[in-house]
Chemist: 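Handing you a structure now.
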Amino acid sequence: FSDFRMISLLTYTLKNLPNTSKWALRFCMRPLSSSSQLQAAAASQTKSKKTLAKPNIRNIVVVDGVRTPFLLSGTSYKDLMPHDLARAALSGLLHRTSVPKDVVDYIIFGTVIQEVKTSNVAREAALGAGFSDKTPAHTVTMACISSNQAMTTAVGLIASGQCDVVVAGGVELMSDIPIRHSRKMRKMMLDLNKAKTLAQRLSIISKFRLNFLSPELPAVSEFSTSETMGHSADRLAAAFAISREEQDEYALRSHSLAKKAQDEGLLSDVVPFKVPGRDTVTQDNGIRPSSLDQMAKLKPAFIKPYGTVTAANSSFLTDGASAVLIMAEEKALAMGYKPKAYLRDFMYVSQDPKDQLLLGPTYATPKVLEKAGLTMNDIDVFEFHEAFSGQILANLKAMDSDWFAQNYMGRKAKVGLPPLEKFNNWGGSLSLGHPFGATGCRLVMAAANRLRKEGGQYGLVAACAAGGQVFSICFTCVTDKTSYL
Amino acid sequence: MVASRAIGSLRRFTASQTLGCRGYICRNFTRSSALLTRTHINYGVRGDVAVIRINSPNSKVNTLSQELHSEFMEVMNEVWSSSQIRSAVLISTKPGCFIAGADLNMLNSCTTSQEVTQISQEAQKMFEKLEKSTKPVVAAINGSCLGGGLELAISCQYRIATKDKKTVLGSPEVLLGILPGAGATQRLPKMVGRPAAFDMMLTGRGIRADRAKKMGLVDQLVEPLGPGVKPPEERTIEYLEEVAITFAKGLADKKITPKRDKGLVEKLTSYALSIPFVRQQIYKKVEEKVRKQTKGLYPAPLKIIDVVKTGIEQGSTAGYLSESQTFGELAMTKESKALMGLYRGQTQCKKNKFGAPQKEVKQLAVVGAGLMGAGIAQVSVDKGLQTILKDTTLPALGRGQQQVFKGLNDKVKKKTLTSFERDAMFSNLIGQLDYRGFEKADMVIEAVFEDLNLKHRVLKEAEAVIPDHCVFASNTSALPIGEIATVSKRPEKVIGMHYFSPVDKMQLLEIITTEKTSKDTTASAVDVGLRQGKVIIVVKDGPGFYTTRCLTPMMSEVIRILQEGVGPKNLDSLTTSFGFPVGAATLVDEGGVDVAKHVAENLGKMFGERFAGGSLEVLMQMISKGFLGRKSGKGFYIYQEGVKNKNLNSDMDSILASLKMPSQPDVSSDEDIQYRLVTRFVNEAILCLQEGVLATPAEGDIGAVFGLGFPPCLGGPFHFVDLYGAQKIVDRLRKYETAYEKQFTPCQLLVDHANNPNKKFYQ
């Protein structure tokens with residue numbers, strides 16, 4: 001029957017999905033989550049050299065980590081499937097660490113917008129990357145901190161003695177998203193399946209209405225509040241009275257620092273990826289330092305016409321995958337590895353998904369510091385996930401406000417500001433890109449690599465995510481003198 | 001405060017980079033140059049924008065009083081004459097309120113329509129001047145913008161409103177029996193189109209910000225903000241002001257135009273309305289509809305149509321004149337005085353005169369998941385009150401839970417709730433079959449069948465579990481609370497909470513205290529009722545309390561009138577044309593014939609002859625035939641699912657014929673029938689005040705209007721006596737007394753009022 005007609009109508013609808021300028025394309029969907037991570041390592045000789053190790057708990061290390069180049073959605077990765085990207089990250093990790101495949105006990109990946117065909121993308125990617133079919137794999141989701149969740153799940157497996165070697169990673173392919181038939185259409189199709197006689201089929205088909213064909217896009221807004229994240233970020237910026245100029249300036253900083261890091265070859269976690277049928281991709285393509293004047297020309301993307309969040313001061317839709325190799329310390333040392341970092345105290349907190357959706361790092365940072373017995377001054381490297389310029393600046397203002405600390409956090413005094421010179425020095429999600437499921441591992445590796453490069457000891461990562469949740473972790477750099485750890 | 005705000009908003013001032021089509025990011029101002037202190041209004045200047053801030057002292061709301069009016073004029077004159085100022089922003093610094101309306105005392109102190117007309121004309125002049133201002137004025141609206149507040153806002157060149165639940169725009173004057181008297185009848189139709197303007201002015205309905213934006217009533221929306229480095233409400237107002245300033249500048253620079261693009265439908269409508277014939281048809285349609293709904297009892301709506309018509313057909317000068325004169329006339333009508341009285345009464349009954357309870361109720365338990373129990377649970381959970389709903393069987397409980405869910409889900413369909421909010425509210429409800437968790441309850445409300453033994457059992461079962469501080473409230477329409485409390489170990493904690501059906505729609509809650517009920521128990525019950533959104537009257541215990549007691553003699557008269565041969569349809573139309581929202585026969589069907597019989601029997605025994613009239617046999621025969629009213633599908637009428645026009649139940653004819661009473665021609669005219677019903681009601685109400693069941697006449701009026709549907713245009717029994725004269729009512733009663741004896745004997749208090757014309761229930 002009318003299948004043909006339906007399909008042609010659907011195609012027609014799809015053709016008319018928003019597809020305008022590049023900036024607009026970057027923004028036609030809200031980033032599903034956002035994460036900000038803080039990493040810092042304190043290594044100056046005057047500081048405490050205390051270990052963050054806990055008695056009777058295994059030391060857990062990150063041996064190394066890699067990621068595919070992060071690309072704007074709709075560019076070189078656009079014909080791939082998510083597990084292809086995840087596979088590339090896994091292969092890159094194998095190549096980088098030379099870890100024998102059969103040593104890996106378990107594989108965990110994080111992802112946000114699931115491809116329905118590969119809902120356990122970790123397993124599909126692992127098999128495709130040539131891992132043993134005897135190595136179990138599962139997929140986790142927690143919006144923008146999904147791959148952090150993958151990492152801490154790995155930590156749990158190792159700490160509890162279940163595993164010694166776990167690969168954790170994350171993947172997101174925003175070039176292709178599962179656009180569904182409407183619920184009414186789906187219901188009709190399922191009913192048709194069950195219908196036995198022609199009469200039944202006709203009676204079901206007769207209920208068809210044209211509006212059944214309007215497609216359903218993956219959530220563009222917070223489910224609980226129906227507010228898009230960009231909109232929430234704009235309100236947050238307004239609540240903290242952050243101007244458009246401040247936001248543009250911060251975005252420019254992120255792009256400039258990313259460019260510098262890229263040019264100086266500091267982004268060593270990136271592994272080249274030969275895309276089937278295309279050229280080898282070697283670097284991120286979203287880093288575009290512009291000028292404040294150029295940025296000022298953009299119209300607000302969410303609150304029109306007077307909002308302050310624009311395409312230029314928000315993170316963009318990105319494709320990418322990342323993976324890290326996590327081991328029990330003794331196992332890593334026995335295998336002759338020199339790990340990059342010790343994973344120490346971490347915590348997840350959550351708060352009001354309406355008005356404090358993106359304010360998580362403010363809450364999580366002091367808590368994880370207290371848990372680790374450190375202060376803001378001890379931290380050498382901060383990596384915060386940059387969902388929006390306005391979100392980062394709002395968090396900084398909140399951390400610098402006694403009033404906020406007293407009225408919303410139950411603290412006596414403000415959290416204190418992370419020094420900007422230690423903060424996201426190699427760019428952030430605003431410039432490098434933000435593949436939701438993959439960002440968490442990137443943040444951790446960026447902090448670890450910065451600690452090595454800059455000679456610090458303690459790192460702190462913080463990342464906010466949809467649903468008002470946030471992740472933060474403290475970790476220690478592994479130096480040549482591992483004895484004090 | 002203004003100074004600190006001025007400093008607070010001093011940030012890097014980045015110049016012209018931003019204004020215009022690129023997005024109005026310029027939020028920062030030069031220091032204000034003028035900080036003058038007045039009582040209600042202050043203003044400062046930011047660059048070339050005057051920011052006029054309204055904040056009436058010592059009041060939760062801003063009202064458009066004469067003082068505010070003249071201060072505003074002063075300020076505007078300064079704005080107009082200053083060469084530095086090119087535009088202005090008008091904003092309230094009071095959280096949740098722009099301007100809640102005109103000052104009613106200003107109207108009430110007028111004794112002639114001329115005085116009122118003059119007030120109207122002065123306001124018209126001021127707003128006309130504002131409307132014609134060459135310097136654009138932006139109204140920045142956060143919170144209620146009603147009546148005079150709306151008049152002010154729509155006279156400005158541009159309106160920006162916060163998209164907050166508290167931001168409501170409307171013209172509720174019609175609900176007070178008057179009309180918008182400062183030019184809105186002329187301005188609104190031009191701004192939002194005639195159909196929408198009529199809807200606003202004739203229903204008085206409040207319009208939320210997002211809808212107002214769609215209608216063209218406001219030009220921009222601003223989202224309320226969450227926490228920042230100061231309280232969210234404060235920062236939201238500040239942000240609204242910042243946004244309004246950018247628009248004011250944009251308007252002054254002609255980078256923004258206040259004109260709105262009209263949609264195709266709007267264009268077509270306005271084209272159609274340019275044809276006189278179409279216009280006449282529309283006026284006719286609206287008038288017909290209004291006549292049908294008001295039954296000629298409320299003069300204001302028809303006058304509003306007239307005034308709008310005059311403005312459109314004869315020009316604005318005639319329109320303004322007609323508006324102000326009609327305003328004066330309407331303000332002097334009895335209907336308006338009655339409605340304003342009700343409004344004041346309602347305000348009083350929204351306060352807890354017993355003070356805050358020692359312990360706020362956090363955990364509520366409702367016993368009985370029937371229509372009432374589930375209704376009580378619904379109005380509790382949607383206010384965030386943790387509620388246990390208990391019944392004895394799973395099907396009964398499930399029915400109750402579904403009722404609560406449906407009540408909430410209907411709001412989702414109407415888009416006043418999101419599905420997420422519905423789920424969160426519904427999670428406040430715990431359905432169960434036992435008394436688990438009652439040990440943590442702060443209040444138990446029982447809503448089981450009206451059976452004293454059953455209520456005793458529930459009370460004893462509950463008291464075995466509940467903590468010492470827990471209040472036990474009984475939802476009953478007639479069983480004396482004192483009798484229920486006889487089995488209680490702690491009668492000071494027992495109270496009556498009489499809800500009206502359907503609980504989520506009926507505003508009234510009648511709280512009944514016994515001699516033993518403690519003041520704190522009462523305070524707690526009133527507090528819960530207020531949180532449930534109720535208008536509350538507190539009365540003394542006694543048979544039928546106040547509401548049921550007033551209704552019963554009237555119902556007795558209803559049965560007698562039917563027995564005398566007046567048909568149910570005829571009786572219904574007589575009562576509705578007198579102003580009752582529901583006809584008397586229909587009311588019996590709706591409430592349930594068995595309930596009516598139960599109450600009539602009980603109260604008949606207690607009050608004897610005074611409550612006699614119709615024969616109880618009518619109700620008993622109806623019950624024996626299963627005619628219980630709507631719930632059983634048959635009563636005086638037949639009720640069928642999906643059938644809108646109900647038909648008479650022909651089986652009633654034989655019952656009424658067999659119990660026919662002779663009618664007395666000299667007291668059986670249509671008017672007499674109406675007054676026989678109303679005077680019995682009124683007489684009993686006044687007796688309740690005389691006996692101290694009622695504490696104040698205001699509570700009597702509110703109870704009668706909000707609980708029993710006493711005609712609002714009469715303002716309740718006490719306003720009715722005041723406005724129509726006690727003597728006239730006593731005369732009526734005496735006349736009917738000769739026909740029916742004691743049932744119509746006026747009570748002493750009413751006679752006192754008749755003997756002394758200076759005596760009024762409301763001074």
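Lettering follows sequence order; numbering is per chain, from 1.
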Chemist: Looking at CG of A/Asn407 and NZ of B/Lys230, how far apart are the two atoms once the value is rounded to the nearest 0.5 Å?
Modeler: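 It is 13.0 Å, given to the nearest 0.5 Å.
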Chemist: Between OH of A/Tyr306 and CD1 of B/Ile256, what distance do you get to the nearest 0.5 Å?
Modeler: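 Rounded to the nearest 0.5 Å, the OH-CD1 separation comes to 12.0 Å.
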Chemist: Has A/Lys184 got more than 12 heavy atoms of other residues, nucleotides or ligands less than 6.0 Å from its NZ?
Modeler: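 Count not over threshold, so no.
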Chemist: Does any heavy atom of chain A fall under 4.5 Å from the side chain of B/Gln220, the backbone, both, or neither of them?
Modeler: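 Contact with chain A is through the side chain of B/Gln220 alone.
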Chemist: Can you name the closest pair of heavy atoms from A/Phe404 and B/Gly228 and give their distance?
Modeler: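 Heavy atoms of A/Phe404 and B/Gly228 come nearest at CD1-O, 3.3 Å.
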Chemist: Can you give me the closest heavy-atom contact between A/Trp403 and B/Val229, atom names plus distance?
Modeler: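 In this case the closest contact between A/Trp403 and B/Val229 is CE3-C, 3.4 Å.
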Chemist: Please flag which part of B/Pro224 lies under 4.5 Å from any non-hydrogen atom of chain A: side chain, backbone, both or neither.
Modeler: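 The backbone, not the side chain.
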Chemist: Working to the nearest 0.5 Å, report the span between CZ of B/Phe420 and NZ of A/Lys354.
Modeler: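 Output value for this atom pair is 11.5 Å.
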Chemist: Ignoring hydrogens, what is the shortest heavy-atom contact between A/Gln356 and B/Pro227? Give both atom names and the distance.
Modeler: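 That would be NE2-CG, 3.1 Å.
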Chemist: Among A/Ala405, A/Ser401, A/Ala394, A/Ala239, which residue has the highest count of heavy-atom pairs closer than 4.5 Å to chain B?
Modeler: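 Most pairs with chain B among the choices: A/Ala239.
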